[in-house]
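A, B, ... follow the sequence lines: proteins, then strands. Residue 1 opens every chain. Keep in mind that the numbers below use all heavy atoms, side chains included, and drop hydrogens, waters and symmetry copies. This structure is a prediction, so every number in the text was calculated from the model and none was measured.
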Amino acid sequence: MGSKTQRLRPSANLVTITFSRMTASYNPQEIEKKWQQRWAEDWLYGVSETSAKPKWYALTMFPYTSGDLHIGHWYAMAPSDVHARFKRMQGYNVLHPMGFDAFGLPAENAAISRGIHPFVWTMQNVDNMRRQLKSIGAIYDWSREVITCLPDYYKWTQWFFLKLYEKGLAYRGKAQVNWCPRCQTVLANEQVVDGFCERCGAAVIRRDLEQWFFRITKYADELMEHNGIDWPERIKIMQRNWVGKSTGTEISFALDHPGVEEKEMRVFTTRPDTTFGVTFMVLAPEHPLVDKLTSPEKKAEVEEYVARSRRQTEIERLSAEREKDGVFIGAYVTNRLNGERVPIWIADYVLLSYGTGAVMGVPAHDERDFAFAQRYNLLIRVVVAPPGWQRGELEEAYTEPGIMVNSGNFNGLPSQQGIEAVSDFLEEKGWGKRAVTYRLRDWLISRQRYWGAPIPMIYCPNCGIVPVPEEDLPVLLPEDAEFKPTGESPLKYHEQFVNTTCPRCSAPAKRETDTMDTFMCSSWYFLRYASPDCDNAAFDAERVKYWLPVDLYTGGAEHAVMHLFYARFFIKALRDMGLVDFDEPFSRLFNQGVIIVERQKMSKSRGNVITPDEYVSELGADAVRAYLMFVAPWEQGGEWDDSGISGISRWLNRVWRLVLEGYDQGVEVSSEEKQKAQRALSRIAHQTIRKVTQDLEKLRLNTMIAALMEFTNYLAKVKKEEGAVSVSAWKEASDTLLLLLAPTAPHLAEELWQQTGHGYSIHNQSWPKWDEELAKDEELTLVVQVNGKLRDRMVVPASITEDEAKNTALNRQRVKSYIGGKKVLKTIYVPGRLVNLVVR
RNA sequence: GCCGGGGUGGCGGAAUUGGCAGACGCACCGGACUUAAAAUCCGGCGGACUUAGUCCUUGUGGGUUCGAGUCCCACUCCCGGCACCA
């Protein structure tokens, strides 16, 4: 374990560095503190909407208020700040805000386990995290900070709830929750361990509870599209899979059961071509028809099965590994296509919440139905013939296309055509219709918790569900709630909170005691940053119009579906209300990779959290910023390994000395030589500007740092030959280095800018532009290959023609020796790259 | 099982999208400076061999091509997501 402590400590010997000449040494602690103070005093990074520059909204996913920023947070924030600074120097009016996602379960757990109020716990964490964030040296304009647990924020979260309710997008419905019968409380999924209550060990059951939902499914089709936005393909695919659209047919099976008014049972299928192969019917155990149809002699068995499946958690029930079981309920439906009577079963592999909650069993052509039929000896009838089928029994379900058999008039038809033909026929007869079904469910936002925004609804015995009037917002969280360790919302037991009067009829009424899912808070925070001081609306429409949509949104891929999906839904709903005028909140999305430690994600519970603070105090924020960018491609992330940070620290020290030591005239060289050296210097400088600029645009930050290092190395080489270039040429190159370095190492660059006689501040300078002419190579190295094998290199003028290149290659001594007396069959010339001679 | 991403020196990673494999760093080795150490500076650093050179080398096997880390096929291992969605 001692080795672990060592790992977490920066190597101690990097701090003291002495110089050959008399130059004050690089002291990051001192200059970082100094400049951070100065920037704050001058409000250097203050943002307003009155700028004539084009706007740029650079957003980093705000952190949850867990307590400490670890190196993973820095990995999200430092590189995005570098990019935002780059855009700022490029002449944009940049909004790069920061805030806190402050509601959520951990605060409440802290309250229960340590007796500290969630508000106090959260705000202490905010203070500490804000202090850490300031040490990054980012351009956050702290006057725009947003904290979601403060009433001036959640007031508007509640307001959005009311708007969604008004538009019919929020509704109350039944949903199953994990329920502990001993604790008498709702449990979150993570509190259920192998089907048992984490706290008391009782078997957890699933229970229906009235909850609030958002009708996100209304936007299912639009959410599958990502038109006009630049997002990683991977994330778009995940979101499309999440929506899970499937097109098929809803088929009606005839029901004729004494005393039951329903005369049909509907199923959804993507394979109507297999309808003649239906040999049983399966309902979800919770299906409303189960009770009505079960025959008296099956009642006990069916009830037991239903109770058993309720006892299982969703996760267990959905596990594909589980063997399929079920119970025949003693009733039948009729398949209208062939008039056959088909037995009805219940089985928990059928989900009530998908399709119609009922499926037709076609064991020959569906793997699940096949397994089920085998287990209960149900008939397996082939209706789509596999290639070369000899009318024998199937070993496994055949799910591929084939020729229809045993299917009445449809026999002989290819099954893909059969899908259409059977659907047409069913529609003609009125026995079914084409339908679309989604995997996506409506968004359940109710949480039986204290630390969240209260849902602004009132239950009146006379008027029913009544929304809290807008002017009564916010519905404040009572401060003095009791935190009993039950896991149930303390609001339920808070008399003053619960008891109210109906806004409509003034009768005594009760408040909703559930709070909202915290994803609701993070679905609109990026709007609040545009006008955080706005107190008569959630946001100032004009300022939102100016800033939104977000130009570049960066954060972890773990939010690929939930957060990003909900935020998109939110914006589409607001658009349809006329509150915003854009379709998508985030124009470009970039996911940075994850920093792992000992092959695992960093987390407090694992005890493998790496704090940046020690590195910052030893080596400076600039070194940590640069190292995080250099250590791996940003989108990839990787294992945290601090052994390489010394290389960055050495480099920054080298820059310090290089720039401050200045450049002497040195020995005079001929003007021709001098010109050549100066041309080379300016060429390298312009190539570096090009490389650094392009890498920044593409967020390829590791190679950007490498380019800056190479430029530094080149300058060091030039400096060693003092006199080779003029003092002014040197100065220009050294200034370029500082400007290119400014986003990455803002403190160091500022200090050196000032010490080399420039005005304050380097961060208000324009980003250098490259000149394609000056960046052009005058000569280049052509590779000569013989039969694809590298045999020679030749330095040639960049202007060389194809013929010249080929001739030069053929006349090279080394090349000749490989050609010998053989015949040159073909010569391939790739300009700027190679000549390849094919000989035999 | 399905979807997505990946496998390059001792290590992190480069490679203008089919054209010099190993940029830039770390670690290591040698040298200079020093009483000494650190720091700094200079040089070396994929492997093998018959070492001014030649051959091999980008997870494995095959293919396309003048030319493959890059494209195609098969396999394999690792990471992320979904996981009975009819």
- Query: Are A:Glu778 and A:Lys776 within salt-bridge range, i.e. N to O under 4.0 Å?
  - Reply: no

Indicate, with a heavy-atom threshold strictly under 4.0 Å, whether A:Ile237 touches base, sugar-phosphate, or nothing.
sugar-phosphate

Stems of at least 3 consecutive Watson-Crick or G-U wobble pairs (donor-acceptor distances under 3.5 Å) involving RNA chain B, listed by first number, are B:1-7 with B:76-82, B:10-12 with B:24-26, B:28-32 with B:40-44, B:46-49 with B:53-56, B:59-63 with B:71-75

Students often get this wrong, so: under 4.0 angstrom with heavy atoms, is A:Asn713 touching a base, only sugar-phosphate, or nothing? sugar-phosphate

Between A:Ser246 and A:Val830, the residue closer to the 5' end of RNA chain B by nearest nucleotide is A:Val830

So CG of A:Leu564 and CH2 of A:Trp231: to nearest 0.5 Å the spacing works out to 4.5 Å

Check nucleotides 6-12 of chain B against the protein and report each pair of N or O atoms closer than 3.5 Å, with its distance, or say if there are none.
from: B:G12; atom 1: O2'; to: A:Val631; atom 2: O; distance (Å): 2.3

- Item | 4.5 Å side-chain heavy-atom contact, A:Lys324 and A:Arg375 | no

Taking only distance into account, with no hydrogens and no angle test, what donor-acceptor pairs under 3.5 Å do side-chain atoms of residues 233-240 of chain A form with protein atoms, sequence neighbours excluded?
from: A:Gln239; atom 1: OE1; to: A:His226; atom 2: NE2; distance (Å): 2.9
from: A:Gln239; atom 1: OE1; to: A:Arg568; atom 2: NH1; distance (Å): 2.6
from: A:Gln239; atom 1: NE2; to: A:Ala560; atom 2: O; distance (Å): 2.8

Using a heavy-atom cut-off of under 4.0 Å over every strand shown, decide if A:Gln785 touches base, sugar-phosphate, or nothing. base

Need one value for A:Val838: base, sugar-phosphate or nothing, where a base atom within 4.0 Å counts as base even if backbone is also close, heavy atoms only.
sugar-phosphate

Rounded to whole Å, CD1 of A:Ile596 lies from C1' of B:C79 at a distance of 9 Å

Residues at least two apart in sequence or cross-chain that pass salt bridge (Lys or Arg N to Asp or Glu O under 4.0 Å) with A:Glu420, listed by chain then number, are A:Arg434

message: Using atom C1' in both nucleotides, what's the gap between B:G13 and B:G22 to the nearest angstrom?
response: 10 Å

Review point. When the C1' atoms of B:G9 and B:U58 are considered, how many whole Å apart are they?
Key: 10 Å

Classify the nucleic acid contact of A:Arg368 as base, sugar-phosphate or nothing, counting any heavy atom under 4.0 Å across all strands shown. base

Output one line per pair: protein atom, nucleotide atom from nucleotides 51-59 of chain B, and distance, for all N/O pairs under 3.5 Å.
from: B:U54; atom 1: OP1; to: A:Tyr818; atom 2: OH; distance (Å): 2.4
from: B:C55; atom 1: OP1; to: A:Arg791; atom 2: NH2; distance (Å): 3.4
from: B:C55; atom 1: OP2; to: A:Arg791; atom 2: NH1; distance (Å): 3.2

Expressed as a whole number of Å, how far does the C1' atom of B:G69 sit from that of B:U57? 11 Å

**Study point:** salt_bridge(A:Asp771, A:Arg690) N-O dist < 4.0 Å
**Key:** no

When rounded to whole Å, the NZ to C1' distance for the pair A:Lys720 and B:A32 reads 12 Å

### Rounded distance in Å between the P positions of B:G19 and B:C72
15 Å

Whichever of A:Lys691 and A:Asn241 has the more 5' nearest nucleotide on RNA chain B, that residue is A:Asn241

Does the structure place the NZ or CZ of A:Arg439 under 6.0 Å from the centre of the six-membered ring of A:Trp242, at an angle of no more than 45° from the ring's axis? yes

Basic-acidic side-chain contact under 4.0 Å: A:Lys691, A:Glu710:
no

Residues passing the side chain to side chain donor-acceptor pair (under 3.5 Å) test with A:Trp443, sequence neighbours excluded, are A:Asp517

